[in-house]
Protein chains: 2
Amino acid sequence: MQRDAHRRAAPDRGRTLLGPALSLIHTGQTPTRSALTRALDVTRATAGAVTAELEALGLITVDSRPAGGGRGRPSHRLAIDPEGPVVVAGQIHADGLSVTLAGLGGLLDPPVHLPLPAATDPVRMLRAVAQAGAELARSTSRRCLAAALALPNPVTEPDGTALAALHFAWPSGTPVADLYDVEVGRADHGPMAVHPLPTAIANDANLAALAEYRHGAGRGARHLLFVTSGHRGVGGALVIDGHLHTGSAGLALEVGHLTVDPQGRPCVCGNRGCLNSETDPDALFAAAGLTPEPGRPLIDQARELCWAASTDERARAAVEHVIDRLGLGLAGVANILNPDRVVLSGLHLDLLEAAPDRLRAVVAERSLWGRSGRVPIVGAELAHGALAGAAELGWGPYLADPQSVPV
Amino acid sequence: MQRDAHRRAAPDRGRTLLGPALSLIHTGQTPTRSALTRALDVTRATAGAVTAELEALGLITVDSRPAGGGRGRPSHRLAIDPEGPVVVAGQIHADGLSVTLAGLGGLLDPPVHLPLPAATDPVRMLRAVAQAGAELARSTSRRCLAAALALPNPVTEPDGTALAALHFAWPSGTPVADLYDVEVGRADHGPMAVHPLPTAIANDANLAALAEYRHGAGRGARHLLFVTSGHRGVGGALVIDGHLHTGSAGLALEVGHLTVDPQGRPCVCGNRGCLNSETDPDALFAAAGLTPEPGRPLIDQARELCWAASTDERARAAVEHVIDRLGLGLAGVANILNPDRVVLSGLHLDLLEAAPDRLRAVVAERSLWGRSGRVPIVGAELAHGALAGAAELGWGPYLADPQSVPV
DNA sequence: CGGATTTTGTTTCGAACCGGCACAAAGTAA
DNA sequence: TTACTTTGTGCCGGTTCGAAACAAAATCCG
């Protein structure tokens, strides 16, 4: 008679543990109640109550069939509810806009890509993202809880203005957080959306770092240094014990203008040999003595040059030239931050894969403390790191307090 | 009839709030129960219970006479009990050993200074510190709760071994934490000491940063960058939201070998123009075209050179030369960490005071984000920062859980 | 000077949250 | 089948904190 009963009333246990418990399930670390008991260091009774509460909130499901294993009573698998709520995750990048829906567990729907609108002023671009997200939200039966956006520019905190949006000539100080909130408020996200829909924005490198930390190559690290390279230049981010360190104004880890070759190429900042100008596609082509074909995206051609390093002598030499400078920059930052893992993305990931041993050797050579300073350098694992990070940003308040999820 | 009653039994409130409350009183932020109520965001009832518990533990006193002020019933001042427990704080530096007793509130007894023993092997130096501390502990009627030590070398975590103890030729990897614990265990700290006396060690720059954050020039900062220069070279430390960031192995912020002048002076690390070799006393004298007098401590002469900058043209030029390089290094680190305050100590403090505007201008010029990157640069306030930090280290467990203080 | 007002401190009660324990459930091992 | 191991749940109680009423001690103001 107890089977298929109505969802039980909220238990009198596990209120403050809901957040940590959901975060563990969200990152795939605790597939069973028993694992939750150990990870949270609570009694089985408490873990059971927490599980029941999360199930009642419609966030997780408990597998009806036991998952066998060793001796003793088998545990039931806990999983993110595939029909649970979603957030809208968006990204603005040099090529256009990307939008997707994201449930818990780091699971993204296949992203929708839109070309850059003809007018790239802030309001119209943010409106395009908000409307594309609203369309996705209307198309699903799942509740929509938030809309979050990744930007290719530094974002100040706590006011949420964008700085130096080079690609789109946005004025520095554009209040992107406020503008996006307005546009999301105007767009119709359908009857299943929370009203008003909470919004959040952050820098794409920071968000990609957060996503890698929770669902990708950064799992299990304590201090994760993330470095990426793309159209905009070099972006860095630091995750400390699960929290992004964005500095007092959101401007930490802007490592693009670290000097790695005093006699190097000139940079827009006025100096020579910045990490930006020494490890971007132009630097790679210059080192190879080649000129990129006009018309095709520069970043794609640079990646092909990396892939050619195993067969083409000139490509190999160019890759090594750039890698030596990247290694200097990474060692400098690692000596300051002493991370226990470094994750590379973008063009830096292609450089790493072209000559992993050389990059690791250069960094180790410049690390101050020998063995203690030897830090693992690995590649990013997520295909859409910034989008996945935007999803994390949107989910943030609900992961901290699952009871704030509307019924 | 209630006056001078026995200390009341422990109340049924404020157990988990004891630590935060004591920390607030410890840092002088909440001199009254009413301020505690606001700072902890609890009810007056809870703040009152917390206060009573801390008083019962013998850690604080409540002033019997009201402290007047505005309207309404006056509040009673809360203060650290001057007869409360102490910890032994020690420091090993190039000139010798320093030891003192420290109560809560950042209050140090006048330190006792000892010359370096003839034999500078680890065991004998640690024994000398432990015995000097034991003598102090025996001489007081206050209970002694811990012994903590500041070392001039990088200290790895969590194992507590010292690296590169240049001045004393200690082998890299010396297990200082274990050795000090043994020596403290052997020394007699008197009948009022906890047995066995807990011990802790850490790097002096990190500890000085922590002390400045809690009791000195870093009060109120969120992200504090601390940089000091002394006999050993440059030491850095970072406090994030009240916690030291020592990196995954305790080796963060070792900024001495940041390159600030590619054509600069050679450094022991093999490169040229490291922050160490460009801002140490030798660099200052070289820039002035002077040779220090033999016999007198180099650091003292360098400080005198800084003080002479206002009157002596050659000293002024030398100070500005060094300051320009120090500014480059500070800007580089600040661009990575985005702190909201920079505190300078040691010779760097003398440089700052000799030409504060120039140093601030150099850093601002090299900061990436204009106004947003302009960070206050101030001098350290504590006379014995590392010793005060060692006291903080020793008090740490009790600040986190005041109930662990033995009755 | 004396009551009104304001602010602080205390007492009492109850709610929320979690551990301990006993028991039940569901598998494996022999 | 029996013993054992491990997992899940119901019940009790303890700890901790908030709400509210009350009490206390000052200033304000007529």
Side-chain angles (χ1 to χ4, degrees), chain A residues 1-3 5 7-22 30-56 60-78 401-404, chain B residues 1-3 5 7-22 30-57 60-78 401-403:
Chain A
M1 295 295 287
Q2 300 294 349
R3 282 171 162 274
R7 277 173 174 161
R8 57 186 307 166
D12 64 341
R13 243 180 301 211
R15 283 294 197 289
T16 67
L17 297 173
L18 284 179
L22 184 57
T30 54
T32 66
R33 271 181 271 240
S34 172
L36 258 190
T37 301
R38 287 186 293 272
L40 295 176
D41 192 24
V42 295
T43 60
R44 291 198 302 274
T46 302
V50 167
T51 304
E53 175 73 7
L54 290 176
E55 196 181 9
I60 68 169
T61 57
V62 180
D63 199 335
S64 58
R65 291 204 333 210
R71 307 206 298 202
R73 175 174 172 176
S75 200
H76 294 254
R77 294 192 71 81
L78 308 179
D401 177 16
Q403 288 195 299
S404 64
Chain B
M1 297 291 288
Q2 300 293 352
R3 283 172 162 275
R7 278 173 174 159
R8 56 187 307 162
D12 64 341
R13 243 180 302 212
R15 283 295 199 286
T16 67
L17 296 173
L18 284 178
L22 184 57
T30 55
T32 67
R33 271 182 272 239
S34 171
L36 258 190
T37 301
R38 287 186 293 271
L40 295 175
D41 192 26
V42 295
T43 61
R44 291 198 301 275
T46 302
V50 166
T51 303
E53 175 73 6
L54 290 176
E55 196 181 9
L57 288 167
I60 68 169
T61 56
V62 181
D63 200 334
S64 59
R65 290 205 335 211
R71 308 207 299 203
R73 174 175 172 176
S75 199
H76 293 254
R77 295 192 70 82
L78 308 178
D401 177 16
Q403 289 195 299

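All figures in this text were calculated on a predicted structure; none of them were measured in a lab. Each chain gets a letter, A, B and so on, in the order its sequence line appears, and its residues count up from 1.
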Student: About how many Å separate CG of B/Leu18 and CG of B/Leu57, when rounded to the nearest 0.5 Å?
Tutor: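 CG of B/Leu18 is found 7.0 Å from CG of B/Leu57.
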Student: For residues A/Val50 and A/Leu17, report the shortest heavy-atom separation together with the two atoms involved.
Tutor: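 Result for this residue pair: CG2-CB, 4.0 Å.
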Student: Nucleotide by nucleotide, 5' to 3', does protein get under 4.0 Å of the base (B), only the sugar-phosphate (S), or neither (-) in nucleotides 25-30 of chain D, counting heavy atoms?
Tutor: BBSS--
Student: Taking only residues two or more places apart in sequence or in another chain, which ones pass side-chain contact (heavy atoms from CB on, under 4.5 Å) with A/Arg77?
Tutor: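 A/Arg77 satisfies side-chain contact (heavy atoms from CB on, under 4.5 Å) with A/Pro31, A/Asp63, A/Ala67 once adjacent residues are dropped.
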Student: Find which nucleotide of DNA chain C each of A/Thr43 and B/Gly48 is nearest to by heavy atoms, and output the residue with the more 5' nucleotide.
Tutor: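 Closer to the 5' end of DNA chain C: B/Gly48.
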Student: In whole Å, I'd like the distance from the CZ atom of A/Arg77 to the P atom of C/dA26.
Tutor: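 In whole Å, C/dA26 P lies 19 Å from A/Arg77 CZ.
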Student: Which of these nucleotides, C/dG9, D/dG18, D/dG8, is closest to any side-chain atom of B/Ser75?
Tutor: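 Selected nucleotide (nearest to the side chain): C/dG9.
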Student: Run the side-chain hydrogen bond (donor to acceptor under 3.5 Å, both in side chains) test against B/Thr43 and tell me which residues pass, sequence neighbours left out.
Tutor: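 Here the qualifying residues are B/Thr46.
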Student: At how many degrees, to 10°, do the end axes of the helix from C/dC1-D/dG30 to C/dA30-D/dT1 meet when each uses five pairs?
Tutor: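 Rounded to the nearest 10 degrees, the bend comes out at 10°.
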Student: CG of B/Leu36 versus P of C/dT10: gap in Å, rounded?
Tutor: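 Taking atom P of C/dT10 as the reference, CG of B/Leu36 is at 12 Å.
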Student: Not counting sequence neighbours, which residues clear side-chain hydrogen bond (donor to acceptor under 3.5 Å, both in side chains) with A/Ser34? List them please.
Tutor: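 Partners of A/Ser34 under the side-chain hydrogen bond (donor to acceptor under 3.5 Å, both in side chains) test: A/Arg38.
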Student: Which part of the nucleic acid, if any, lies within reach of B/Thr16 when heavy atoms closer than 4.0 Å are counted: base, sugar-phosphate only, or nothing?
Tutor: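 It contacts sugar-phosphate atoms only.
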Student: Counting the atoms with a prime plus P, OP1 and OP2 as sugar-phosphate, which does A/Thr32 contact under 4.0 Å by heavy atoms, base, sugar-phosphate, or nothing?
Tutor: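 Here A/Thr32 touches no strand at all.
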Student: To the nearest angstrom, how far is A/Asp63 atom CG from D/dG8 atom C1'?
Tutor: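 Going from CG in A/Asp63 over to C1' in D/dG8 covers 15 Å.
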Student: Taking only residues two or more places apart in sequence or in another chain, which ones pass side-chain contact (heavy atoms from CB on, under 4.5 Å) with A/Ser404?
Tutor: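 In terms of side-chain contact (heavy atoms from CB on, under 4.5 Å), with neighbours along the sequence ignored, A/Ser404 is linked to A/Tyr398, A/Asp401.
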Student: Whole-Å distance between C/dT11 P and B/Arg33 CZ?
Tutor: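 It works out to 11 Å between those atoms.
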Student: Choosing from D/dG18, C/dC21, C/dC18, which nucleotide comes nearest the side chain of A/Leu17?
Tutor: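 Closest nucleotide to the A/Leu17 side chain: C/dC18.
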Student: Kindly say whether, by distance alone, the side chain of B/Arg44 makes a donor-acceptor pair under 3.5 Å with the base of C/dG9?
Tutor: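 Present.
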Student: Of all residues at least two apart in sequence or in a different chain, which pass the side-chain contact (heavy atoms from CB on, under 4.5 Å) check with B/Pro20?
Tutor: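 side-chain contact (heavy atoms from CB on, under 4.5 Å) check on B/Pro20 returns B/Leu40.
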Student: Report the residues that fulfil side-chain contact (heavy atoms from CB on, under 4.5 Å) with B/Thr51, sequence neighbours left out, ordered by chain and then residue number.
Tutor: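 B/Thr51: side-chain contact (heavy atoms from CB on, under 4.5 Å) contacts with B/Arg33, B/Leu36, B/Ile60, B/Val62, B/Leu78.
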